[in-house]
Engineer: 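The structure's right below; bear with me while I get my questions together.
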There are 2 protein chains.
Amino acid sequence: MTSGRVTIADVARRAGVSTAAVSKVVRGAYGVSAEMQAKVSQAIDELGYRPHAAARAMRGRTYTLGVMLSDTRNPFFPDIIEGVTGHLRDTEYQVLLGPGGIEPKTQARMTDAMIDRSMDGLILISPVTTDAELAAIAAGTPVVVIGRHGGAPAYDSVVDDDVMGARLVVDHLVGLGHTRIAHITHLERARAQGLPHTVRAEGYRQAMRAHGLADDMVATSFTEEGGYEGARELLARENRPTAIFAGADIAALGVLRAADEAGLSVPEDLSVAGYDNIGIASLKRISLTSVDQDGQVIGATAARLLVERIEGRTRSVTSSVSPTLIVRGSTGPL
Amino acid sequence: MTSGRVTIADVARRAGVSTAAVSKVVRGAYGVSAEMQAKVSQAIDELGYRPHAAARAMRGRTYTLGVMLSDTRNPFFPDIIEGVTGHLRDTEYQVLLGPGGIEPKTQARMTDAMIDRSMDGLILISPVTTDAELAAIAAGTPVVVIGRHGGAPAYDSVVDDDVMGARLVVDHLVGLGHTRIAHITHLERARAQGLPHTVRAEGYRQAMRAHGLADDMVATSFTEEGGYEGARELLARENRPTAIFAGADIAALGVLRAADEAGLSVPEDLSVAGYDNIGIASLKRISLTSVDQDGQVIGATAARLLVERIEGRTRSVTSSVSPTLIVRGSTGPL
DNA sequence: GTGAAAGCGCTAACAG
DNA sequence: CTGTTAGCGCTTTCAC
């Protein structure tokens, strides 16, 4: 092993060509003869040359795409990530994930860090930020936003049709005879709009109104604990709901805990539904009725749109994925 | 907004100093007067200057640490990540996660990608690779390996005492009167040694022998499906085990599903224990007895060791974290 | 204590 | 089709 790293100059010397030629071969750029291609490729293999990403970043691309995760703990993310990496598997792009946390400040720090590192494009999952900030980011770097409704010209969007998802749940519960159907949503401190929970809550409200029913919402957080607290509050009411629709499965798990503790049988005494159809929802012991949004398709779509943008598309695209209702044992007739 | 990005030269011009001076102030390097410091800082704020990571990478550090994730779906990871990011919160370092997948090949591709991107250090979580490859990586970049026993001089290690964890489970089950205690482990295709599942299996075997009992293992995978399949196989035996110890909670969830489907009550007909104490293990409906390894501490420790290495330590360190047994409702007397 | 200047490895014109 | 050359933004000697 030589002292330093193998550079393009080493390869050029070995192959007896110029550094520019090596650069072209590496990038598969136009204008190289087959002979040159062969010589250089051989030298690359012999020397074990690997392009230095930072040096590339100074002039061209980094072939790095960043995915900003808003909450590492959300079991829905692995599906999206799998969709993204799966779509990019046979390309030159590498995917790096940035744990942004749930605070606007930490998320902003993360996106800044990704931009500082010259990433070629960014996928932001449910970013908690203002439209203005988002537009500012997208002005300098190709961006695809996942899970935020009401797209903007500056970036592409991939969303689940959350209004439809919420309606599917309400229709299902009403069909079972329920009328006192409560909803647990996520309390947002930031002034961000069009986030999934907001739209789900709005869809819930619309669907209830369409059935001539009064809505009943409580805002905690999309965590197991948040669902638990929300359910405790709802179940303590004198005329308690007979069904609870949690805006996320993770919160629905908390609802189930609260029901267990209150000695209520599910679904006999209380029907429970969630959203996201996370893996454990299908466990027999959980058997949670949930809305499935196919994270893999969402992730793959986001990756596709991002690459298109990087490669030149400027017209904004919004892709909407239709959810489906998965009925399981946690919901039943009144 | 000017056409290009704000560079160190812009700041220097504004502050009326040299670029070298600005560089020193930005890095907090030795040898700058308070006056200089103030002038430059002000110019940085006014211009909104941000250091260009790629340019820095050409000469010095990138202030980027990479965490290679071997399986995004493992619910145990968020704890580790939280520990890592928490420890690094008030430092200049940024953490980027690399989804390496479960294949040796994809993991290698990921670590290569991280090295190409000049990351200052790498944390590898349960990497599936040979000791030789690991040593080669660590020769060029500071590395901390999580969850792999039998450390090496080239890198630091943070491990859970898996032998102890397995013993805790076996002792607990034997104390409840069980003698036919089976273990579900992960089938490794690669020739990697010292991975957690291997050590847990070995710990299980040792503990069983210490009690004068015969071991009974089945190797599938640490997934919900793997646990399900393993349990199906075990429960189909004529003299079926009365207790199943799964090497990971995620697999234990599959065991519970198999038990439910077979019409077996837990823990009356079958005791089930897992490992990792993932969040949902505490849900009343799951109530899984499990071994807790405090991922936050593991993550924070790994981050601390990595920074120490980056800053010059060369002596290898291995940090072992003691697990604890969390007894819940899934295990009971025979 | 401060500044001038030489690169780090690569890409993008532009000549040949 | 191939080679020469000029930087990208930053850090780092080394003079002053």
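All values below come from the heavy atoms of this structure, side chains included, with hydrogens, waters and symmetry mates left out. Just so it is clear: chains get the letters A, B, ... in the order the sequence lines come, proteins before strands, and each one is counted from 1.
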Engineer: Surrounding CG of Asp45(B) (heavy atoms of other residues, nucleotides or ligands, distance under 6.0 Å), is the total greater than 12?
Structural biologist: yes

Engineer: Do the charged groups of Arg56(B) and Asp116(A) touch, with an N to O distance under 4.0 Å?
Structural biologist: no

Engineer: Would you mind reading off the distance between Asp10(B) atom CG and dC8(D) atom P, rounded to a whole angstrom?
Structural biologist: 11 Å

Engineer: How many Å lie between CD1 on Ile8(B) and C1' on dC10(D), as a whole number?
Structural biologist: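 Computing the Ile8(B):CD1 to dC10(D):C1' distance gives 6 Å.
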
Engineer: With Leu96(A), which of Thr64(B), Leu96(B), Val67(B) fulfils side-chain contact (heavy atoms from CB on, under 4.5 Å)?
Structural biologist: Leu96(B)

Engineer: When you check the phosphate oxygens OP1 and OP2 of dG9(C), does a side-chain N or O of Thr7(A) lie under 4.0 Å from one of them?
Structural biologist: no

Engineer: Can you find a side-chain donor-acceptor pair between Glu46(B) and Gln42(B) that sits under 3.5 Å?
Structural biologist: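 Yes, because at least one side-chain N or O of Glu46(B) sits under 3.5 Å from a partner of the opposite role on Gln42(B).
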
Engineer: Ignoring hydrogens, what is the shortest heavy-atom contact between Val317(B) and Asp156(B)? Give both atom names and the distance.
Structural biologist: N-OD1, 2.8 Å

Engineer: Between dT11(C), dA6(C), dA4(C), which nucleotide has the shortest distance from any of its atoms to the side chain of Arg59(A)?
Structural biologist: dT11(C)

Engineer: Can you see which heavy atom on Arg117(A) is nearest to which on Tyr63(B), and at what distance?
Structural biologist: NH2-O, 3.2 Å

Engineer: Within this structure, what is the CE-to-C1' distance between Met58(A) and dT11(C), rounded to whole angstrom?
Structural biologist: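 Checked: the CE to C1' distance equals 11 Å.
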
Engineer: Which residues within residues 19-27 of chain B lie with some heavy atom under 4.0 Å of an atom in DNA chain C?
Structural biologist: Ala20(B), Ala21(B), Lys24(B)

Engineer: Is any side-chain N of the basic residue among Arg61(B) and Asp120(B) closer than 4.0 Å to the acidic one's carboxylate O?
Structural biologist: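 No, Arg61(B) and Asp120(B) are not salt-bridged.
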
Engineer: Take the protein atom NE2 of His52(A) and the nucleotide atom C1' of dC10(D), then report the distance between them rounded to whole Å.
Structural biologist: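 Interatomic distance, NE2 of His52(A) to C1' of dC10(D): 12 Å.
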
Engineer: What I want to check is whether the side chains of Gln37(B) and Ser41(B) have a donor and an acceptor closer together than 3.5 Å.
Structural biologist: yes

Engineer: Between Asp112(B) and Arg109(B), does any NZ, NE, NH1 or NH2 come within less than 4.0 Å of an OD or OE carboxylate oxygen?
Structural biologist: no

Engineer: Which residues within residues 32-51 of chain B lie with some heavy atom under 4.0 Å of an atom in DNA chain C?
Structural biologist: Val32(B), Ser33(B), Met36(B)

Engineer: Let me know the distance between OH of Tyr63(B) and P of dT11(D), rounded to the nearest Å.
Structural biologist: 7 Å

Engineer: Roughly how many Å is it from CG in Asp116(A) to C1' in dC10(D), rounded to a whole number?
Structural biologist: 13 Å

